[in-house]
Amino acid sequence: MKKVISMLLFLLATFLPATAQESCNIIPKPQSIKALEGKDFILTEKTTIGFDNGAARQAELLQAALSGPTGWDFPLRAGKKGDITLKIDSTAVTSSEGYRLVAGQRGVSITGHDAAGVFYGIQTFLQLLPKEIVADRRQRGVEWRIRPVEVNDAPNYPWRGMMIDVARYFYHVDFIKKFIDMMAMYKLNKLQFHLIDDSGWRLEIKKYPRLTEVGAWAGPEEKRLGGFYTQEDIRELLAYAEARGVEIIPEIEFPAHVLSAIVAYPWLSCQGKQHEVQTQQSISPELLCVSKDSVMNFLHDVLDETIALFPSKYINIGGDEAIYDRWKTCPRCQALMKREGLSEVSQLQGWLTNIVAGWMKEKGRTVVGWEEVFMRGKVSTPIVGVMWHNVDDTLKARVEGHRSIIAPVTHLYFDFPERKDKREIKAATWMPAVPLKKTYETPLLDYSLATSSVLGVQGCYWSDQFIHGTVLQELPQLDENRSERYAEYLMFPRLTALSELGWTRKADRNFTDYERRMATHYPRLTVAGIHYRLPEPVVEKSEKNTDGTYSLTLATPVADAAIHYTTDGSTPTYHSPRYNGTPIRVANPEQLRAITVMSRTHVSLPTR
Ligand code: ACM
Ligand code: ZN
C-alpha cells in the first residue's frame, strides 16, 4: 500500500502543473511572478522583435542574444509591435530599473520604466528560456518554449556593485567585457574599476604619459608584465557597459596605494626617491606629498582627464589603508598641518578629501571612496563611503550627511576562498573563508531608502593573489592556471548571491529557495562558458543500521550533475564509482568522500 501511495504521489508530482514560483528559477528573485492561463510562447524562425525608439539598443542586444543559439534572424520592427515587443513606459512601470514581462501564446511584451528596465526584462526572459539560450553557437533540437507568465519586478537597491582590481593583475578588455556580461546577467549595475595600485597604473592619462609608459609595467625589461587601457579602450568599454545597464565608476587611488605613479614621477612623493613598480604584494608606505602645489595640480589634472572620459556622476578616490609615516617625517607636510591647524597626521587625509570632494562637486560629480574617506576628519561635501570594515559606521556617515555602500570584507570579498582547504585554489588568507551561504546571508539592516542613507551592496574582487609574476598553482577543479579562470572561479557562484542581496527585498530572500533556483543556474553557467566553482555534494541523510553500519544518502546542489565517491577515505575522481541514488552502506561515515561532477574536467572539491 505504501508503495502504491508513493507511486501515486510521484505521478501527481510529475503531471500536475507546477506553480509559477516552482517553474521559474529566476535569480535574482523577482518581486512577483504570476502563472497565466493559456498556451505557451514558442520562439520560431518567424519571430519578430518590435520596439519603441528608446529601446533600440536593447532590441539589438536581444536580437544578438537570440540569433546565435537559434540560428534565426529575428527581424527588428522599429516603432511597431512584434512577436516580442520592447517598450519604455515610465507611467506603466513606476520604479527606476523596473520592468513588466508578460509572455503567452500571442507574444511577449517587456515594458521597462527606462532602458535599464527593458534590459532587465530581457535578462528575465532569457532565464525563462532553456539554458542553451546562453550558448555562443547554434544549438539544434532545442524547443524554445516559455509557460504563460507575468513578472512584475524592480530592484530593492539602486547600487548593486562589483569591484574588480585590474591593478594587481591586468585583465584584457575582452575579459572586462565578459565580466560586464556576467554582472548584467544577474542585474548588477555598478562596476568599481580599481585602476590604480602600487603594482600598476592602468589608465592612460595624456598629460602624464609616464604613468602608463612606466607605471603600468613591472619586472625586468626583458620580461616585463602588466598593461593598461588606452582612452580608446575605455570608451569602448563604456559603450559596452552602458548598453547593458552597467555604470563604470573609475577608482583613482590616493594618497596611498599609488606607488606606480610615484615610480613614474618620483616628485609625487615626500622623499622623491626612485622606486620600482611592485612585483609582489605589500602595501607601500609611499604617499602623495600633498603639501606640494605640483602634486595637487597633478591630482586635479588626472581627475579632470578621468571625468572627461567617464560619464558616471560618481568618481571613486580610493583612500584606503594609508600609513602616515611619510607625512609625519616630511617637513613640508608638517608645515601644512600647522598652517591648517591639524593635530593628527591622519587629518591631512580628511583635509585632502575635502578639497577633492569640492573640486568634484563643482563638476557635478560625487566622490566615492573606501570608508576611510570619511573616517579621517569631517568632510563638508556629501560623499559616499564603501564600508568594507565597519558596517555600523553607516550611522556615523548618515549623521554627517554622507551615504554608504555595504561591502563587508567578511561576507562580500570574493578574493577569499569559499572553504579553508589545502586543495582549494590560491586565494586570500588574512580573513576566514567566505562560503556561499555566508555571502547570501550578509546581515543587512532594513535600509529602506526613505529612512537610511545606504545606496546598496557591493562585492569586491581583489587580484593581489594573482599579482603579475606570481606563479599560480594548477587548478585541478578546472584543469587550468590562468588568472582569468581563477577570477571566475572565485566570483561564481557568490556573485549570484550578491545579486539577490542587492535586488530582492529582505522578506523574499531565503537561502534554501535560492539554492533550489541556483541548482539550474550551474548548468546554465557551464553553457555560458563561465568557469565557476562547483559546490560539494552533501550527506542528505545518515541512518544507523542494526548491524552497526551506516546508510548514507547523498545529494548535490547542482542540477544535471553526477556524484562520484569513495568509501575508503581516498580522494574521489571522475573515475571513482558513480552514485546511483540508493543509500551507500559504510562501516565508518568518516571514510565516505564524494565530489560533484559536471564534466570530466569540471569537478568539485571532495566533501570533508
Ligand atoms: C581594502 O580592502 N583595502 C579596501
Ligand atoms: Zn610630504
Side-chain angles (χ1 to χ4, degrees), residues 161-168 192-199 249 251-259 261-262 265-273 278 281-299 316-340 342 345-349 351-353 355 368-376 384-391 393 404-416 427-431 434 457-465 467 490:
M162 264 304 293
M163 182 219 67
I164 185 162
D165 170 10
V166 296
R168 269 55 171 272
Q192 180 182 334
F193 211 11
H194 186 78
L195 289 159
I196 283 123
D197 217 300
D198 294 325
S199 52
I249 295 130
E251 181 187 351
I252 306 292
E253 266 265 27
F254 57 85
H257 284 286
V258 70
L259 184 69
I262 290 170
Y265 298 104
W267 50 262
L268 287 171
S269 70
C270 289
Q271 298 176 335
K273 287 189 191 151
Q278 286 182 349
Q281 171 57 15
S282 72
I283 301 172
S284 168
E286 299 308 319
L287 303 179
L288 294 186
C289 182
V290 290
S291 68
K292 297 181 191 170
D293 288 345
S294 57
V295 172
M296 294 305 276
N297 290 338
F298 167 86
L299 265 186
N316 191 306
I317 62 167
D320 58 323
E321 296 182 310
I323 308 155
Y324 300 107
D325 293 353
R326 291 289 184 267
W327 285 352
K328 267 186 211 155
T329 54
C330 172
R332 283 180 306 263
C333 285
Q334 287 300 306
L336 171 63
M337 278 179 62
K338 229 187 227 123
R339 270 203 314 279
E340 296 294 329
L342 307 174
V345 69
S346 64
Q347 291 168 356
L348 206 45
Q349 180 168 355
W351 171 87
L352 177 65
T353 304
I355 290 178
V368 184
W370 300 106
E371 70 194 43
E372 285 93 330
V373 289
F374 52 48
M375 304 303 286
R376 300 290 182 267
V384 181
V386 180
M387 314 306 288
W388 64 286
H389 260 143
N390 198 350
V391 170
D393 285 336
S404 4
I405 294 155
I406 307 291
V409 57
T410 44
H411 296 72
L412 296 181
Y413 268 38
F414 300 155
D415 53 320
F416 294 105
T429 53
W430 55 279
M431 291 289 282
V434 180
V457 293
Q458 182 166 291
C460 294
Y461 181 72
W462 295 100
S463 308
D464 44 278
Q465 298 300 307
I467 190 164
L490 286 166

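Whatever order the structure lists ligands and atoms in, that order sets their numbers, starting from 1. Since this is a predicted model, take the numbers as computed values, not measurements.
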Less than 4.5 Å apart, side chain to side chain, heavy atoms only: is that true for Arg168 and Asp165? yes
Using a threshold of 4.0 angstrom between heavy atoms of the protein and any atom of ligand 1, which residues qualify? Asp320, Glu321, Trp370, Trp388, Tyr413, Trp462
Straight-line distance of Leu287 CG to Cys270 SG, nearest 0.5 Å: 6.5 Å
List for me each residue that meets salt bridge (Lys or Arg N to Asp or Glu O under 4.0 Å) alongside Glu286, sequence neighbours excluded, and say none if there are none. Arg326
Near the Zn ion (ligand 2) (protein N/O/S, cut-off 2.8 Å, waters excluded) we have Cys270 SG, Cys289 SG, Cys330 SG, Cys333 SG
Kindly state whether the ring of Trp462 and the ring of His194 have centres lying under 6.0 angstrom apart. yes
Grab the two heavy atoms, one from Val368 and one from Ile405, that are nearest each other, plus how far apart they are. CG1-CD1, 4.4 Å
Between Ser269 and Gly272, what is the shortest heavy-atom contact and its length? OG-N, 2.9 Å
Do Phe254 and Ile196 have side chains that get closer than 4.5 Å, going by heavy atoms? no
By side-chain contact (heavy atoms from CB on, under 4.5 Å), which residues pair with Ala428, not counting sequence neighbours? Asp415, Phe416, Trp430, Gln465
Any side-chain heavy-atom pair from Glu371 and Trp388 closer than 4.5 angstrom? yes
